[in-house]
Every structure is written in C-alpha cells, then in structure tokens.
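Note that ligands are numbered from 1 as they come in the structure, with each ligand's atoms numbered from 1 the same way. These figures come from a predicted structure and were not determined experimentally.
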Amino acid sequence: MDELPLRHPLDLYQITRLLSVESPHEIEQVLARARTVKKECIDNKVYIRGLIELSNICRKNCLYCGVRRDNRGVRRYDIPEAEVLETVQHAMEEGYTSLVIQSGERTDQVFIQHIDRLLRKIQALSNHGMGITLSCGEQNPETYRRWADSGAHRYLLRIETTNRDLFRRIHPCDGSHLYDNRVKALQCLKETGYQVGTGVMIGLPGQTVEDLAKDLLFFRDINVDMVGMGPYIEHEMTPLHSEKDRLWSMEKRLEKSLLMIAVLRLVMKDINIAAATALDVLSHEGRTMAFHAGANVLMPNITPAQYREDYLIYKGKPVLQEAHDLISRISAGLPAGTQIDFTRWGDSKNYARRISG
Ligand code: SAH
Ligand code: SF4
C-alpha cells in the first residue's frame, strides 16, 4: 500500500483497489491513513447521539428487515409521548445534547403529528438546546418541511445500495420502494435545509466490492453530510434469509465494513461517519474498530428497556447494553488522543461549508 500514491479525487479504480486489500498489514495501512485524515481535517472527537427507537410499526416490507410489515411475529409498539419525554429528560441529565429518533415508516397524519409534537416538546424541554436527527423513512416534502420547522435539523435515510438491480432484489416489487424515489427524497431533504445522512448495507447477497466502491462515489456525488453504514445481518423471519448461503463470512463483512469507513474518510474528509450498531454483531469490538477506521459518531441506544427486544431489525442486535457501559467500553478502546464529546452537537463540517455556499 505504501507504494500506492493516491491521486485525488479518488476514482473508481483506486477506491475499488483500496476496498479490495486483504492482508492484515494492508488493511491496517488503509485504516491508519483514514485516522490521519480524520485528525487533520476534523478533530479528535467522538460525538454522541442518544438513539431512541420510537416505534417498530412500519408500512414497508423491505425483504431484509426484521420489523417489516409482514413479519407477524413482531409485537408492535409505539412509545407514548410522556415516556419519550421522560427518556429525553433523563438523557439531558446525563449530559446528552444530541438525539436520533428512529422508527418504522408511517405516513399517516397521526404519525406525522406525533413526531411534530414530540419535536416541539423536546425543544421546549431543552430550551432549544437539543440537536435532533430523524430517521423515519420516506416522507413527502411538506412533512420534511414541517418536521424541520418543529426542530429537527438532521435526517438519516439510507440509500441501502446504489446498485439498482440489487436494490430491486432486496425490496418488494409492488412499487412501494423505488430507487429514484429514494434519491429524490435525499435531494428534497437537502433542499429543505437538513444535514443529510445516508448509507448502505455491506455484504448483501450478490453485492460486489465494485458495488461498494460505487456507493462511496454516490455519497460524494450527492455531497452528503453524514454517513451511517454497516454490515447486512440476516434475520430468520425475512425473505432475504433464503439467500444466507451466498453471504460473505462474518469476518469478511466486518473487514469490508471497516474498509468502507476508512476509504470514505479518504474520499469525504470532513463528514460525520457513524459507527453502526450492527458492527457489534460481528465482533465484540466491532464499533471500537470503526473508530480506528475514521468514524466519529457513536449512537448509544437509550430506548426504554422494555421496548428494545421488539426492535430487532437483524439477528443478534445488542438489546441489553446500557448506554453508559457502551460509552465506557468504547472510550477505553479509542485511538490515542481521541475523546468522547457529549457537550457539542458536532455538526458535520461539510454541512457548514455547503450552506455557506
Ligand atoms: N424505517 C426507517 C428507519 C429504520 S430502519 C428506514 O428504513 O429508513 C434503519 C436501517 O436499518 C435501514 O436503513 C437499513 O439499512 C437497516 N437494516 C434493516 N435491516 C437490516 C439488516 N437485516 N441488517 C443490517 N441493517 C439492516
Ligand atoms: Fe420499515 Fe425501515 Fe425496516 Fe424497511 S428498513 S421494513 S422501512 S423499518
């Protein structure tokens, strides 16, 4: 790898080559480059967002996801507003200044108003001090606008994969899930003024390293501010489970996920990159390793304990982990000089540059 001088901007050939390295020595070299870029271009911090899994009720039927509409084995929940506010109050007392509210996708008025009211109440409770990211799926432009007006300022919507054929294969073919609509939604979020995050699953059946390289180029082309991407983990109660024999090994999915984070850091130097929870399914140290690959955002789960085992989007998702235990464990394993930062929103520098023109 030393003998591979990188020409910027990185092109498809170079990115594919970086993602293809296999020896532990070469992988470590790519990760080390990413750490250097992170230190030079942003800061040596890990920003914290408390994750609330608000509801597992979903109108969609993604073929990979454990809470898909047709999975009858799921006990559906929607956390009542008072309980969410109690959780937020508790998080504020613990020092959190940033939250992610994630849920299954719903587009009915009851849900839209529910989110709207929650945003207003959280902002009132925190004296407008809370950074709020939403991850509630595809919505129409009015809804995105309304939620932004009520206090959300970041939005996560993964493209899942930029290979259109693969995208078609992992979603129902009833027209409910179209690639072009997903791209339009990301564009609309940007125009509405959100800091926009997207991401992909890594190691989907039939996905190639070149597909992954193209995913990174897509992130650069649409100029996203944040990326959250992690390994695909099969779930027995989903249609895609039938393809489990075609999957990369757990080791390979972990390795490729870390390389994706590292190469993304080389491609988009000052965006926010989250360490996905799914990494911890592949290795106890999965998320810690992400911070050695250039990630800078950690999203500890602060959902009230009684709901957690009903939000199983993939098999083996850690549900018992306490947020403060996770933070201490991650903190102990961070690269030298890196510190956890609760106190600031940690907005993506890319966003600041983007809006200043
Ligand atoms: N309903 C919203 C947010 C919840 S799902 C949405 O779809 O945007 C959040 C993410 O979980 C999805 O974007 C998908 O990338 C990820 N996910 C779902 N099933 C998964 C699986 N089996 N393995 C890994 N990630 C999965
Ligand atoms: Fe619903 Fe999101 Fe799961 Fe798709 S990935 S089924 S939209 S929760």
Heavy-atom donor-acceptor pair, Asp116 side chain to Gln113 backbone, under 3.5 Å: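 Judged by distance alone, no pair lies under 3.5 Å.
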
At the 4.0 Å heavy-atom cut-off, does [X] count as touching ligand 1?
X	answer
His235	no
Tyr155	no
Gly66	no
Cys62	no
Ser135	yes
His241	no

Contact (N/O only, under 3.5 Å) between Arg158 and ligand 1: yes

Sub-6.0 Å ring centroid separation between Tyr232 and Tyr64: no

Check: His177 ring centroid to Phe167 ring centroid under 6.0 Å: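 Yes: the rings meet the under 6.0 Å criterion.
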
Charged N-O contact under 4.0 Å between Asp149 and Arg146: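 No salt bridge links Asp149 with Arg146.
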
Side chain, backbone, both or neither: the part of Asn56 lying under 4.0 Å from ligand 2 by heavy atom: neither

Part of Cys65 within contact of ligand 2 (heavy atoms, under 4.0 Å): side chain

Nearest-option assignment for atom 7 (S) of ligand 2, heavy atoms, candidates Cys58, Ser103, Gly66, Gly137: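 Considering heavy atoms of Cys58, Ser103, Gly66, Gly137, the nearest to atom 7 (S) of ligand 2 sits in Cys58.
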
Nearest-0.5 Å distance, NE2 of residue His241 to CD of residue Glu234: 5.5 Å

